[in-house]
Visitor: 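Please see the structure below; I have some questions.
This one's a predicted model, so the numbers in the text were calculated from it and none came from an experiment. Here is how names work: the chains are called A, B, and so on, in the same order as the sequence lines, proteins then strands, and each is numbered from 1.
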Amino acid sequence: MGLKRLITEAEKLLRTVGIEEPSVQVNKDPSFGEISSTAAFQLAKSLGKSPVIIAEEIASKIDVSGSELISSVEAVNGYVNFRANWVGYSRTILEEIFMGGERYGSSGVGAGRRVIIEHTSVNPNKALHVGHARNVCLGDTLARLYKFLGYDVLVLNYIDDSGTQMADVILGFMELGYSLEPPPGMGFDEYCGDVVYVEAVKRAESDPELAEKRRQITREIESRSGKAFELNRMIVSRVLKDQLRTCWRLGARYDVLNMESDILTYGLWDEVFEKLKAAGAVYYAESGPKAGCWLLDLSGHPVLSKEGDEVLIKSDGTTTYIARDIAYAAWKLGASSKDFSYEVFGENPDGSRIYVTSGRGDVRIPVSSAVKVINVIDVRQRRPQEIVKYALKLLGLDAEKYIHYGYEVVALSRKDAERLGYSPEPGQRIIHMSGRRGLYIKVNQLLDMLRERAAKEVRERHPDWSDEKVLETGEKIAVAALRYALVKQDTDKMIVVDTDEIMRLEGDTGPYLQYTYARALRILEKADSELSTSPPAEPSEPEKNLLRRMAYLPILLEEFHSSMLIKPIADYAYTLASEFNIFYEKVPVLRAEGGERAFRLAIVKAFTIVFSIVLDLLGVPRLEVM
RNA sequence: GGGCCCGUAGCUCAGCUUGGAUAGAGCAUCGGCCUUCUAAGCCGGGGGUCCCGGGUUCGAAUCCCGGCGGGCCCGCCA
């Protein structure tokens with residue numbers, strides 16, 4: 001392919017003059033040529049000569065006459081710079097894009113291999129807030145990327161339907177007299193989280209009687225029968241449906257919902273526990289502060305050992321969540337003889353089915369073949385995730401497959417926290433969201449605000465559009481703005497949500513990407529003439545810059561394959577859009593004629609192909625008109 | 001106390017994995033560009049001890065060591 005061929009040719013030329021390991025790089029500043037080599041610097045010491053002289057010797061010895069894509073070699077300050085033959089290089093790039101079509105840039109490395117990605121995993125007692133949205137967007141983008149690389153991707157969503165947070169909500173309904181129907185205009189998930197849960201937590205904190213009732217409810221849920229259990233089941237299902245609607249709004253999709261309560265009944269833990277015992281990885285504490293507990297022996301771990309062993313079975317005989325996590329993780333790696341059965345829960349907007357664990361169901365979904373098991377969870381879970389991974393290693397499993405895809409949390413700006421009724425401390429710059437205290441910005445709320453803001457802009461530009469069309473477009477803009485904002489930040493940096501900032505629709509934003517795409521389509525729409533991948537002459541700088549950027553996609557995706565970083569994809573989308581906009585301003589297409597027009601149309605066409613791919617990977621909805 | 005992460009322009013951040021040519025964007029600010037493919041755009045100006053100090057190297061924002069500042073994690077909760 002284009003860029004790779006250029007690199008290969010440069011390396012080949014360097015070998016012809018005796019450089020065994022030609023280190024070449026794609027230049028950041030193309031005024032030095034497309035490719036350059038620092039071989040002269042590396043040879044300087046052993047040859048006892050200055051790199052400047054060595055570079056000149058190398059350059060003078062290289063004969064480019066046999067090279068298809070390289071037109072010249074020159075030595076500058078010790079660098080050996082290779083320039084491309086742009087007439088041929090342009091054609092190579094464009095032909096590769098047209099040939100690849102919607103698969104351009106995919107190496108297909110994942111063919112026949114499965115990746116499991118678990119994301120979202122929000123407790124089913126509340127509506128999603130912006131912190132959850134970061135998880136959903138990262139997870140879904142990973143899924144899209146792996147799918148594009150040819151992998152068979154299985155998306156899981158873990159539903160903790162038996163934790164104490166559920167008991168809080170049940171307490172609200174059973175003891176505080178809350179109706180099962182939310183007030184008009186409010187979703188059931190919001191109602192449970194914003195009203196019932198927050199109030200129940202508050203009341204139980206100050207009322208020991210209610211706290212005791214909550215313990216009873218917890219036990220009843222665990223017993224898997226009775227009124228609280230039935231009520232819980234119904235609430236989980238209703239909240240989950242609302243939550244999924246929000247996730248779909250963000251463009252995410254799921255294959256499997258794994259309910260924690262079902263997992264417990266399958267006896268996964270018992271099997272794993274026996275294996276841990278057999279491996280000598282756990283022990284029973286006879287005395288000391290943890291007397292009566294079964295603990296995971298962490299003494300062999302260089303870091304974890306410093307903080308003491310981990311309780312897996314409490315002295316009352318119940319498991320800790322980390323024990324359940326270990327069992328679940330072992331299942332994901334295919335190390336369990338037990339397997340869940342599923343029934344259909346619903347359908348994704350794309351028509352694919354979503355399965356949920358069920359005692360009644362008869363569907364089986366084998367997971368054993370996965371080459372990677374990715375868990376999208378925020379950084380606060382780093383230590384527990386490391387413990388799970390270590391336990392897998394002690395079980396003799398291939399723990400390297402188990403990947404905690406961590407990301408920093410989303411917090412509130414001072415201003416937004418104040419808007420939500422919180423009084424920050426004097427020097428406090430960020431405020432962490434809290435479900436228990438009702439301190440958070442909900443995804444739907446933010447998307448609605450964004451949609452409204454975008455719709456206003458759309459209306460101004462298209463006064464003739466129907467309200468329906470305006471809102472539909474506004475919704476896509478809102479999703480683009482939010483998804484892009486959550487994914488363009490590096491995962492190891494906290495995002496401080498500033499609603500004023502996020503409402504911005506210009507600059508380095510999702511809507512900018514959509515606008516750029518719509519602009520490109522306008523040109524193609526008005527063009528009826530032929531395309532040509534051959535430039536009539538040396539292309540102009542804006543044309544070259546755009547071509548260069550498009551040529552980079554295959555390498556970008558290769559880099560993703562090894563780094564798993566999503567951010568560079570977002571950066572690429574922005575710079576590609578930016579190069580297109582410069583091209584758009586400086587290089588007339590429809591007003592050009594003949595071969596020039598045909599070549600430029602080919603560039604625009606190629607751009608829409610490449611850019612569509614990138615937008616789809618990021619989950620930024622494409623807009624034909626904006 | 002121990003562990004992990006972050007520190008680059010007024011603000012929000014790229015670049016660091018794999019060291020390389022004048023350190024890049026966006027926002028904000030100041031100034032230009034719409035009878036010509038959508039101005040949600042483009043062009044230009046101002047704005048930097050790349051937290052500090054050592055070290056490695058021909059070459060360090062990037063690698064190593066030591067500080068400083070901020071965040072997170074260290075429950076028989078999940």
Visitor: Which part of the nucleic acid, if any, lies within contact of A:Val303, taking any heavy atom under 4.0 Å across all strands shown: a base, the sugar-phosphate backbone alone, or nothing?
Guide: sugar-phosphate
Visitor: Give A:Val497 one of three labels, base, sugar-phosphate or nothing, depending on what nucleic acid heavy atoms sit under 4.0 Å from its own.
Guide: nothing
Visitor: Of the nucleotides B:rC27, B:rC42, B:rA21, which has the atom closest to the A:Glu585 side chain?
Guide: B:rC42
Visitor: How would you label the contact of A:Ile322 with the nucleic acid (heavy atoms, under 4.0 Å): base, sugar-phosphate, or nothing?
Guide: nothing
Visitor: Which nucleotide, if any, forms a Watson-Crick or G-U wobble pair with B:rU36, using both distances under 3.5 Å?
Guide: none
Visitor: Please evaluate the base of B:rU38 for a donor-acceptor partner in the side chain of A:Arg519 within a cut-off of under 3.5 Å?
Guide: no
Visitor: With respect to the phosphate group of B:rG3, does any side-chain polar atom (N or O) of A:Lys306 fall under 4.0 Å of OP1 or OP2?
Guide: yes
Visitor: Rounded to whole angstroms, how far apart are NZ on A:Lys586 and P on B:rG41?
Guide: 16 Å
Visitor: Taking 4.0 Å as the cut-off, does a side-chain nitrogen or oxygen of A:Lys290 come that near to OP1 or OP2 on B:rC76?
Guide: yes
Visitor: Atom CG of A:Leu565 to atom P of B:rC16: distance rounded to whole Å?
Guide: 10 Å
Visitor: Which is true for A:Val587 with a 4.0 Å heavy-atom rule: it touches a base, it touches only sugar-phosphate, or it touches nothing?
Guide: base
Visitor: Over all strands shown, is A:Gln25 touching base, sugar-phosphate only, or nothing at heavy-atom distances under 4.0 angstrom?
Guide: nothing
Visitor: Go through it in stages, so that I can follow the logic: the residues are A:Tyr484 and A:Asp508, the test is side-chain hydrogen bond (donor to acceptor under 3.5 Å, both in side chains), and I'd like the CA-CA distance, side-chain angles, deciding distance and then a yes or no.
Guide: CA-CA 9 Å; A:Tyr484 184 74; A:Asp508 186 7; 2.6 Å; yes
Visitor: If you check the A:Val625 side chain, which of B:rU38, B:rC13, B:rC42 turns out closest?
Guide: B:rU38
Visitor: Pick the P atom in B:rU17 and in B:rC5, then give their distance to the nearest Å.
Guide: 15 Å
Visitor: Nearest to the A:Asp508 side chain among B:rC42, B:rG26, B:rC37, which nucleotide is it?
Guide: B:rG26
Visitor: So, under a plain 3.5 Å distance rule, would you say the side chain of A:Ser315 forms a donor-acceptor pair with the base of B:rC76?
Guide: yes
Visitor: So do A:Lys567 and A:Thr491 actually touch side chain to side chain, heavy atoms under 4.5 Å?
Guide: no
Visitor: What is the distance from CD of A:Glu501 to P of B:rC13, rounded to the nearest Å?
Guide: 10 Å
Visitor: Record whether the side chain of A:Glu307 comes under 3.5 Å of the base of B:rG2 through a donor-acceptor pair of N or O atoms.
Guide: yes
Visitor: Compare all side-chain heavy atoms of A:Val376 with those of A:His404 and state whether any distance is below 4.5 angstrom.
Guide: no
Visitor: Please compare A:Val80 and A:Asp492 by the position of their nearest nucleotide in RNA chain B and report the one closer to 5'.
Guide: A:Asp492
Visitor: Would you say B:rA78 has OP1 or OP2 under 4.0 Å from some side-chain N or O of A:Lys314?
Guide: yes
Visitor: How far does the P atom of B:rA23 sit from the matching atom of B:rA60, given to the nearest Å?
Guide: 14 Å
Visitor: A:Gln385 has an atom CD; how far is it from atom P of B:rC4, in whole Å?
Guide: 18 Å
Visitor: Is there a side-chain contact between A:Tyr197 and A:Gln165, using heavy atoms and a 4.5 Å cut-off?
Guide: yes
Visitor: What is the base-pairing partner of B:rG1, counting Watson-Crick and G-U wobble geometry with both distances under 3.5 Å?
Guide: B:rC74
Visitor: Regarding A:Tyr574, tell me which of base, sugar-phosphate or nothing describes its non-hydrogen contacts under 4.0 Å with the strands shown.
Guide: sugar-phosphate
Visitor: Return no unless some side-chain N or O of A:Lys488 is found under 4.0 Å from OP1 or OP2 of B:rG26.
Guide: no
Visitor: Which nucleotide in the list B:rA78, B:rG41, B:rG20 gets nearest to the side chain of A:Arg324?
Guide: B:rA78
Visitor: What nucleic acid atoms does A:Ser36 come within less than 4.0 Å of, heavy atoms only: base, sugar-phosphate, or nothing?
Guide: base
Visitor: Between B:rA21, B:rC73, B:rC4, spot the one nearest the side chain of A:Arg383, thanks.
Guide: B:rC73
Visitor: Can you figure out which of B:rU8, B:rC72, B:rA40 approaches the side chain of A:Leu505 most closely?
Guide: B:rA40
Visitor: Quick one: OG on A:Ser46 to CD1 on A:Ile54, what's the gap to the nearest 0.5 Å?
Guide: 7.0 Å
Visitor: Could you tell me whether A:Asn123 contacts a base, only the sugar-phosphate backbone, or nothing, with contacts defined as non-hydrogen atoms closer than 4.0 Å?
Guide: nothing
Visitor: Between B:rC50 and B:rG41, how far apart are the two C1' atoms, rounded to whole Å?
Guide: 31 Å
Visitor: Verify side-chain hydrogen bond (donor to acceptor under 3.5 Å, both in side chains) between A:Glu11 and A:Thr8, making sure each step is shown before the conclusion.
Guide: CA-CA 5 Å; A:Glu11 285 172 344; A:Thr8 311; 5.0 Å; no
Visitor: What's the closest nucleotide to the A:Val458 side chain, out of B:rA40, B:rC43, B:rA21?
Guide: B:rA40
Visitor: Are A:Tyr79 and the base of B:rA21 stacked, counting only ring centres nearer than 5.5 Å and planes tilted under 30°?
Guide: yes
Visitor: When you match A:Phe32 and A:Tyr515 each to their closest nucleotide on RNA chain B, which lands nearer the 5' end?
Guide: A:Phe32
Visitor: Which one is paired to B:rA60, where only Watson-Crick or G-U wobble pairs with both distances under 3.5 angstrom count?
Guide: none
Visitor: Scan A:Val409 against the nucleic acid and name what it touches under 4.0 Å (heavy atoms): base, sugar-phosphate only, or nothing.
Guide: nothing
Visitor: How many Å lie between CE on A:Met166 and C1' on B:rA78, as a whole number?
Guide: 13 Å
Visitor: Can you identify which nucleotide, out of B:rC13, B:rG71, B:rC42, has its nearest atom closest to the A:His432 side chain?
Guide: B:rG71
Visitor: Report the distance from atom CG of A:Leu556 to atom P of B:rG15, rounded to the nearest whole Å.
Guide: 12 Å
Visitor: Using a 4.0 Å heavy-atom cut-off, does A:Ala291 contact any base of the nucleic acid, only the sugar-phosphate backbone, or nothing at all?
Guide: base
Visitor: Would you indicate which nucleotide in B:rC37, B:rA78, B:rC5 comes nearest to any side-chain atom of A:Ile523?
Guide: B:rC37
Visitor: Applying a 4.0 Å non-hydrogen cut-off, can you work out what A:Asn81 is touching in the nucleic acid: base, sugar-phosphate, or nothing?
Guide: base
Visitor: Please confirm whether A:Tyr328 and A:Trp269 have ring centers closer than 6.0 angstrom.
Guide: no
Visitor: Counting any heavy atom closer than 4.0 Å, what does A:Glu506 reach on the DNA or RNA strands: base, sugar-phosphate only, or nothing?
Guide: sugar-phosphate
Visitor: Please determine whether a side-chain nitrogen or oxygen atom of A:Tyr584 lies at a distance below 4.0 Å from atom OP1 or OP2 of B:rC34.
Guide: no
Visitor: Can you tell me which nucleotide in B:rA40, B:rC43, B:rU8 comes closest to the side chain of A:Arg461?
Guide: B:rA40
Visitor: Does the ring centre of A:Phe41 sit less than 6.0 Å away from the ring centre of A:Tyr79?
Guide: yes
Visitor: Could you check whether A:Phe583 and A:Phe580 have their ring centres less than 6.0 Å apart?
Guide: yes
Visitor: Since syn is defined as within 90° of 0, does B:rC43 count as syn or as anti?
Guide: anti
Visitor: Let me know the distance between CG of A:Leu576 and P of B:rG41, rounded to the nearest Å.
Guide: 16 Å
Visitor: Reckon A:Asn27 touches a base, only the sugar-phosphate, or nothing at all at heavy-atom distances under 4.0 Å?
Guide: base
Visitor: Between A:Trp294 and A:Phe273, what is the ring plane arrangement, given parallel below 30°, perpendicular above 60°, and tilted in between?
Guide: perpendicular
Visitor: What is the distance, to the nearest angstrom, from the CD atom on A:Gln381 to the P atom on B:rA78?
Guide: 12 Å
Visitor: Hey, does A:Glu310 reach any base, or is it just sugar-phosphate, or nothing, if we go heavy atoms under 4.0 Å?
Guide: nothing
